[in-house]
Amino acid sequence: MALLNSSECNCKARSDTAICPTCDAAAPPASQQPIDAVYAAPVSQSPPTARNRAIYILLALFLGIFGVHNFYAGYHGRAVCQLLITLLLGWLLIGVLFTGLWALVEMITVETDASGVQMV
C-alpha cells in the first residue's frame with residue numbers, strides 16, 4: 001500500500017483509495033512500470049560440459065602433488081592448498097608424502113567436478 005499525492009490539495013492519499021480523504025478529489029492512478037522493466041530476459045547459458053575422468057586420474061597420478069588434477073576439475077581452493085604444501089614442505093618430503101596420499105585418495109573417490117557435473 002503506497003501513498004500518492006493528491007492533485008488538488010497536495011495531501012497524501014493511499015493508493016487503494018479512489019478519493020482523497022481530505023479534499024474528496026480523485027487520487028491519481030498508480031504509475032505502472034512497463035513489463036520490460038519488471039521482467040528481464042533470461043540469460044542464455046550453455047549446459048556445463050562434463051570433464052573426462054581418465055584425464056583427471058592421469059593428472060592425479062603424475063602431477064597430483066601439485067594439485068593439477070583439482071585445477072582441472074575446478075576445485076581451485078584444494079589445488080592451491082596442495083601446491084602450497086608441496087612447495088613449502090616438499091623439501092622435507094613430508095609435504096610430498098602428504099599431498100601424494102591426498103591426491104591418491106581424491107583420484108579414487110572424486111567423481112564430480114566443482115560444478116557438480118558427473119565426470120565421464
Side-chain angles (χ1 to χ4, degrees):
M1 186 176 340
L3 295 177
L4 302 172
N5 285 332
S6 172
S7 58
E8 298 289 323
C9 70
N10 202 20
C11 65
K12 301 286 184 189
R14 291 189 351 212
S15 61
D16 62 343
T17 60
I19 58 172
C20 174
T22 307
C23 65
D24 292 332
S31 62
Q32 299 220 349
Q33 293 180 346
I35 292 178
D36 294 340
V38 177
Y39 299 105
V43 176
S44 63
Q45 294 178 351
S46 61
T49 57
R51 303 282 183 192
N52 192 340
R53 180 139 169 80
I55 293 175
Y56 180 81
I57 290 173
L58 288 174
L59 288 172
L61 189 61
F62 293 111
L63 298 170
I65 61 171
F66 300 111
V68 175
H69 60 294
N70 282 324
F71 279 118
Y72 173 73
Y75 296 109
H76 299 292
R78 292 182 195 173
V80 169
C81 188
Q82 285 176 327
L83 182 62
L84 288 176
I85 289 173
T86 300
L87 292 178
L88 296 177
L89 298 176
W91 58 278
L92 294 174
L93 292 179
I94 272 188
V96 173
L97 291 174
F98 180 70
T99 55
L101 181 63
W102 185 359
L104 181 66
V105 169
E106 283 183 335
M107 180 176 61
I108 296 168
T109 60
V110 173
E111 295 179 353
T112 61
D113 63 2
S115 60
V117 178
Q118 184 79 22
M119 286 193 239
V120 223

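Keep in mind that this is a model prediction, so the values were computed, not measured.
- Under the salt bridge (charged side-chain N to carboxylate O under 4.0 Å, His left out) criterion, no residue pair touches residues 84-100, with sequence neighbours excluded.
- With contacts defined as side-chain heavy-atom distances shorter than 4.5 Å, the pair Ile55/Met119 does not qualify.
- In terms of heavy atoms, Gly74 sits closest to Ala114 at O-CB, 3.3 Å.
- Linking ILVMFWY side-chain heavy atoms closer than 4.5 Å, directly or via other members, places Leu83 and Val110 in a single hydrophobic cluster.
- Residue pairs satisfying the ring pair (Phe, Tyr, Trp, His ring centres under 6.0 Å) criterion with at least one member in residues 94-120, sequence neighbours excluded, are listed as follows: Phe98-Trp102.
- Taking both residues in full, the closest heavy atoms of His69 and Ala103 are given as CE1-CB, 3.8 Å, listed atom of the first, atom of the second, then distance.
- By the side chain to side chain donor-acceptor pair (under 3.5 Å) test, Ser115 is found to be paired with Asp113, residues two or more places apart in sequence or in another chain being considered.
- Both Tyr75 and Tyr72 belong to a common hydrophobic cluster when Ile, Leu, Val, Met, Phe, Trp and Tyr are linked at side-chain heavy-atom distances under 4.5 angstrom.
- Transitive grouping of hydrophobic side chains (ILVMFWY, heavy atoms separated by less than 4.5 Å) brings Leu87 and Val96 into a common cluster.
- Both Met107 and Leu58 are members of a single hydrophobic cluster when ILVMFWY side chains are connected at heavy-atom separations under 4.5 Å.
- Every pair passing salt bridge (charged side-chain N to carboxylate O under 4.0 Å, His left out) that includes a residue from residues 82-110 is listed here, sequence neighbours excluded: Arg78-Glu106.
- The list of side chain to side chain donor-acceptor pair (under 3.5 Å) pairs with a residue in residues 89-99, not counting sequence neighbours, reads Thr86-Thr99.
- Using a 4.5 Å cut-off between side-chain heavy atoms of Ile, Leu, Val, Met, Phe, Trp and Tyr, with links allowed through other members, Ile65 and Leu101 fall into different hydrophobic clusters.
- One finds the CG atom of Asn70 at 12.0 Å from the CG atom of Leu63 (value rounded to the nearest 0.5 Å).
- Heavy atoms from other residues, nucleotides or ligands lying under 6.0 Å from CG of Leu84 number more than 12.
- The CG atom of Leu61 lies 12.5 Å from the OH atom of Tyr56; values are rounded to the nearest 0.5 Å.
- Note: Phe71 and His76 have tilted aromatic rings, judged against thresholds of 30 and 60 degrees for the angle between ring planes.
- Considering every non-hydrogen atom in both Val120 and Ala50, the closest pair reads CG2-CB, 3.3 Å.
- Take Phe66 and apply the ring pair (Phe, Tyr, Trp, His ring centres under 6.0 Å) test, not counting sequence neighbours, and it matches no residue.
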